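Worksheet: one structure, shown below.
Throughout, a chain's letter reflects where its sequence line sits, starting with A, and its residues are numbered from 1. The structure displayed is predicted, hence computed values, not measured ones.
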Number of protein chains: 2
Amino acid sequence: MIKLGKLTDYAIVVLTQLSQESDGARSAPQLAEKTGIPEPTVAKVLKTLAREKLVESLRGAAGGYRLAKRAQDMSLCEVIEAVEGPIAITSCVTEAPEPCGAEGRCPSRGKWDPVNRAIRLALQELKLSDMASRGCGAPAQRLIQVTMPRALEEGRAK
Amino acid sequence: MIKLGKLTDYAIVVLTQLSQESDGARSAPQLAEKTGIPEPTVAKVLKTLAREKLVESLRGAAGGYRLAKRAQDMSLCEVIEAVEGPIAITSCVTEAPEPCGAEGRCPSRGKWDPVNRAIRLALQELKLSDMASRGCGAPAQRLIQVTMPRALEEGRAK
DNA sequence: CCAAAGAGTACTAAAACCGTCCTGATTTAT
DNA sequence: ATAAATCAGGACGGTTTTAGTACTCTTTGG
């Protein structure tokens, strides 16, 4: 199972919520209340997203955050990379300067590239706005309760 | 960073090694020596692979393992699913009977499907034999030393 | 009948991740 | 000018996940 961390999930929820607000900034505490995610965690996620330029932050008394671009222009690829780092299916494949040990080039180097490319491509086509459109009436708030019932993953071991 | 576990890496290394042996079974200790992976771990991986029918096991004094199919017919998708469980990019998306909480359907349910499909497709096209073909002279043994210098992942946080 | 090998399970140790808190910087309002 | 609200950045502890190991049982060839 290839899995995303909880924080990434939170990021998507928060960004989705942000995209549904009428213009203007929303503070971390506000977003925490609307999404049901604990406030310190929301703050942490937003700080990361601000550092990666996915949201703009406004400091000061009436400060807050707002999306740095339109929801339909923000791909999940960006979001995931912002939170989790570069997307690649192995650790070794990233563009590190001199990643692999001393002598001898890694035989599997580059073999994963097609896979990584496919993942990124699919992720780039999925936009934040796609996550918002929902067929049922559940508010984003429910999303957080509903995501990641981690216990159920255990079923895979059979 | 979407990542594969170490065990999956080991599985690929061991299977690759197995594919390069002339016909006949190889025991876990033999494979451990050839790959440089600790013997108990090799044994563990092989047991998993045998359970998932990717290798055939021969018990008894002269027993061992051999590939259940040709290397060019074995996709990485199979290998990964054997070790890690079903491939999906979120935890929630698996085919669990009643995964999500009580009332209200999960808004993001199904949104990830195109991504998951793309990943699986790419993974199905990559065969075990592709991993074996190497442009340099490094034996598979080196692969294990070379994969996953986990420390380097830290660089991503910047 | 014994030795070698796989099967299955359970346990321990290490690593990653999540969540929280604390301190400092910035801006608005009074 | 001061106070309040808010973001920025880093540090820390606990929980969960994963990796690695050990033990016992079964199978099979000599």
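- Among residue pairs with one or both ends in residues 63-72 of chain A, those qualifying as side chain to side chain donor-acceptor pair (under 3.5 Å) are A/Glu56-A/Arg66, A/Lys69-A/Glu78, A/Arg70-A/Asp73; sequence neighbours excluded.
- Every side-chain hydrogen bond (donor to acceptor under 3.5 Å, both in side chains) that B/Thr8 has, sequence neighbours left out, goes to B/Glu84.
- Remark: side-chain polar atoms of B/Asn116 are not paired, donor with acceptor, to backbone N or O of B/Ile87 under 3.5 angstrom.
- Regarding contacts with the backbone of D/dA5, every side-chain N or O of A/Ser27 stays at 4.0 angstrom or more from both OP1 and OP2.
- As judged by a 4.0 angstrom heavy-atom cut-off over every strand, B/Ala28 is placed among residues touching the sugar-phosphate backbone only.
- One atom, CG of A/Leu31, and another, C1' of D/dC7, lie 13 Å apart when rounded to the nearest Å.
- Sorted by first and then second residue, the salt bridge (charged side-chain N to carboxylate O under 4.0 Å, His left out) pairs with a member in residues 117-129 of chain A read A/Glu81-A/Arg120; sequence neighbours excluded.
- The separation between B/Tyr65 atom OH and C/dA4 atom P is 17 Å, rounded to whole Å.
- Rounded to an integer number of Å, the gap from A/Asp9 CG to C/dG19 C1' is 16 Å.
- Atom CG of A/Leu18 is separated from atom P of D/dC7 by 11 Å (rounded to the nearest Å).
- Atoms NZ (B/Lys3) and P (D/dA19) sit 9 Å apart, rounded to a whole Å.
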### Per-nucleotide protein contact string for nucleotides 20-30 of chain D, where B marks a base within reach and S marks sugar-phosphate only (heavy atoms under 4.0 Å, - for neither)
BB----BBBS-
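- Phosphate proximity of D/dG9 to A/Arg51: present, with a side-chain N or O under 4.0 Å from OP1 or OP2.
- Scored by the side-chain hydrogen bond (donor to acceptor under 3.5 Å, both in side chains) test, A/Glu21 finds A/Gln17, A/Arg26, A/Lys34 as partners (sequence neighbours excluded).
- Contact annotation for B/Leu58: backbone-only contact, meaning every heavy-atom pair under 4.0 Å involves sugar-phosphate atoms and none involves a base.
- In this structure, A/Thr41 has no side-chain hydrogen bond (donor to acceptor under 3.5 Å, both in side chains) partners at least two apart in sequence or on a different chain.
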